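Worksheet for the structure shown next.
Just so we're clear, the structure is a prediction, and the values are computed from it rather than from any experiment. Note that the numbering runs from 1 along the sequence shown for the chain.
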Amino acid sequence: SRSGSSLARPRALCAVPPAVGARPPIPRLAAMQGGAPDDAVRLRKALDACKCESREGTNGGGDAQLLSPPLDTLRVEDEILISPAVDAALEWARSHFETSLALPVALVHGDVSVAACRSRKHERVREGVEQLLRLQSTCRTTFGDWYLSCWSFCAEEEFYLLVLPILFWNVDYRFARQMNFVVCCGLLWGNLLKDAFRLPRPKSVNSKIWVPHSAVDVDSTACRDFGFPSTHAMNAVSNSLFTVLYCHHHGVVSSLAGLIAIVACMCVWIISITFGRLYLGVHSPMDVKGGLLLGLAVALLAQRPVYLCDHFDRFMLGTPHVGVLLLLYLMFVLVLHPQPRPLTPTFLQNCTVCGLIFGCAVGFRMETDRRKASGAVLTTPGGDGGAAIVVAVTRTILGFVLLLLLRLVLKKAFIEGFRLVGLHPSPPKVPRKEAQELLKKQDIKGWDLWAAAVTKACVNMALAWGITCGCPAFFDLVLGLPSVMNG
């Protein structure tokens, strides 16, 4: 959570929403959630985003449902304050870190400052909204609604949390590990830029934009974050292009026909996801264009010509105390993370991402050391045909069961542990019939937000370690079904 006495000012700026039809001045962008004024969205977003966690009463629903509001829909009270000097220094560091993120993008666009770039992009969003209205009025079909909503899930981190463990345990350990690095680093960079530029989503500019409930439900942030850049478009390009470059570099696909096939799949993947962001009304054309360019940069940095993933692997295996160094770097990023008020989901999402990066990297180092010690560094799946499939299915089912148990136990332990010292990382549930009044008053304290961030980071760190080291060790030492590890 953000430190500094200046944090109370954005809330005061948001006390009175702008007049209908008026264009908000650029300085107000820092006091917006997902690009919409705080008072216009806070309660509505809280009610829309609430999940029905449990049911009470005989009717099994309705007013008896308990709603748990997402943390980013609550106002932050009692910000963490250390001392005037430290708070001022942290504000200064965060401001310069935010500028270092956004200024290169501004310079590429020919702007001399971040403020000038933000102002020009804000106008581009308004122009893009008109294009979206024309697109939706001419292209919408029932099949398109269903098809593109389904594709949206393929750029979510939940999709990769389902797919990557299967690749880790049964297909290609190195590819899964490097893909995790690409996915997480792309999300981390994209989310940092979102909170640095603070540009609105189309629906916040014009309420006539159609956004299906399915798109909001599938989106990991429920579209409550800012719009630029589109991390869906970014992931669509970076992940698919990285896959093509990886297959070519490591000889996974050697024939021309095979290469043409995976390039065709890449094109379908990119077009379906990126066009879907426009069709579903969740991003403007400028958001998607920015995501495409940043995704291209991530893929080229990760694979050829820079081969950053290979360099990172060598760094993890050859550097003493590498876990401590990586942890300090990720903590540095999270401490200096932009902290707009009202909250957006990006900070807590980046806590998840940093946990996945650290857990995967440390798990890779520990599993490599374990296999070196046992003399079995390279292991290929045993059996062939039906036997290999049975072994893979067994590993997959047991692995997911272990991960679910690990997540449940650790999340409960962290929440209860923090409550013992007076912190509440999970907001209390409220009955639906009382939600409208209670959510107006519900706030979260700065230390509670810190506890939620620590919980998210540590739980996902443990999950990533379990995928890369814990489960493979269990398969090998307990079940006698060692998983593949090709590098």
Side-chain angles (χ1 to χ4, degrees), residues 153-188 220 235 239 242-243 246 302 309 312-313 316-317 322-323 326-327 330 349-372 374 376-381 391-411 413-414 455-487:
F153 180 69
C154 295
E156 295 290 339
E157 57 265 33
E158 290 84 358
F159 170 79
Y160 291 98
L161 285 173
L162 290 173
V163 173
L164 288 180
I166 299 174
L167 297 178
F168 266 111
W169 302 331
N170 304 301
V171 182
D172 191 324
Y173 189 97
R174 177 176 53 208
F175 171 73
R177 184 183 67 251
Q178 294 187 353
M179 176 60 79
N180 176 78
F181 183 72
V182 171
V183 172
C184 291
C185 289
L187 278 174
L188 181 64
S220 58
N235 273 341
N239 303 344
F242 171 81
T243 300
Y246 178 93
C309 284
F312 182 72
D313 287 347
M316 287 302 304
L317 295 178
V322 66
L326 182 59
L327 181 62
L330 294 175
Q349 188 182 50
N350 274 352
C351 290
T352 296
V353 166
C354 288
L356 293 173
I357 292 174
F358 181 80
C360 181
V362 172
F364 163 55
R365 173 67 181 265
M366 292 178 65
E367 180 66 3
T368 301
D369 291 345
R370 184 187 73 84
R371 298 205 181 201
K372 282 184 177 179
S374 64
V377 180
L378 300 180
T379 304
T380 56
V391 169
V393 170
T394 302
R395 278 197 298 255
T396 301
I397 294 175
L398 290 178
F400 276 116
V401 170
L402 291 174
L403 292 179
L404 288 174
L405 291 175
L406 180 64
R407 181 182 183 275
L408 288 173
V409 171
L410 285 180
K411 186 175 180 180
F414 271 98
T455 300
K456 276 188 172 290
C458 291
V459 169
N460 285 279
M461 186 187 306
L463 287 178
W465 175 87
I467 293 171
T468 54
C469 180
C471 286
F474 177 82
F475 300 150
D476 186 8
L477 301 177
V478 177
L479 302 181
L481 301 174
S483 58
V484 59
M485 188 176 185
N486 58 341

Kindly indicate whether the side chain of Y246, heavy atoms from C-beta on, has any atom under 4.5 Å from the side chain of M179.
no

Please evaluate residues F400 and W169 with respect to the criterion ring pair (Phe, Tyr, Trp, His ring centres under 6.0 Å), reporting the C-alpha separation (whole Å), side-chain torsions for both, the decisive distance (0.1 Å), and the verdict.
CA-CA 11 Å; F400 276 116; W169 302 331; 5.8 Å; yes

If you compare all heavy atoms of L326 against all heavy atoms of M316, which two are closest, and at what distance to 0.1 Å?
CD2-SD, 4.3 Å

C154 and Y160 have their tightest heavy-atom pair at O-OH, 3.5 Å

In short, N239 meets T243 closest at the heavy-atom pair O-OG1, 2.8 Å

Is the closest side-chain heavy-atom distance between F168 and C360 below 4.5 Å?
yes

Nearest heavy-atom neighbours spanning C351 and K456
CB-CB, 4.4 Å

Heavy-atom nearest pair, T394 first then L481, reads CG2-CD1, 4.2 Å

Run the side chain to side chain contact (heavy atoms under 4.5 Å, CB included) test on Y173 and T468 for me, step by step, so that the C-alpha distance in whole Å, both residues' side-chain angles and the decisive distance to 0.1 Å come before the verdict.
CA-CA 8 Å; Y173 189 97; T468 54; 3.6 Å; yes

Are S220 and E156 linked by a side-chain donor-acceptor pair shorter than 3.5 Å?
yes

Hey, could you give me the CH2/CG distance between W465 and L406, rounded to the nearest 0.5 Å?
8.0 Å

State, to 0.1 Å, how close P472 and I467 come at their nearest heavy-atom pair, and which atoms those are.
CD-O, 3.4 Å

Separation between CZ (F474) and CG (L479), nearest 0.5 Å, reads 4.5 Å

Quick one: pull up CG in L403 and CZ in R407 and give me the separation to the nearest 0.5 Å.
11.0 Å

Any Lys/Arg nitrogen of D313 or R174 sitting under 4.0 Å from an Asp/Glu carboxylate oxygen of the other?
no

Distance (rounded to the nearest 0.5 Å) between C471 SG and R395 CZ:
11.5 Å

Check against side chain to side chain contact (heavy atoms under 4.5 Å, CB included), C309 and V182:
CA-CA 8 Å; C309 284; V182 171; 4.0 Å; yes

Spatial distance of atom CG (L317) from atom CZ (R365) [nearest 0.5 Å]:
6.5 Å

d(L188 CG, N350 CG) to nearest 0.5 Å is 4.5 Å

Which of parallel (below 30°), tilted (30 to 60°) and perpendicular (above 60°) describes F153 and F159?
perpendicular

Are D476 and R370 ion-paired here, with the side-chain N under 4.0 Å from a carboxylate O?
yes

Just do the side chain to side chain contact (heavy atoms under 4.5 Å, CB included) check on L356 and L161 with the steps written out, would you?
CA-CA 10 Å; L356 293 173; L161 285 173; 4.1 Å; yes

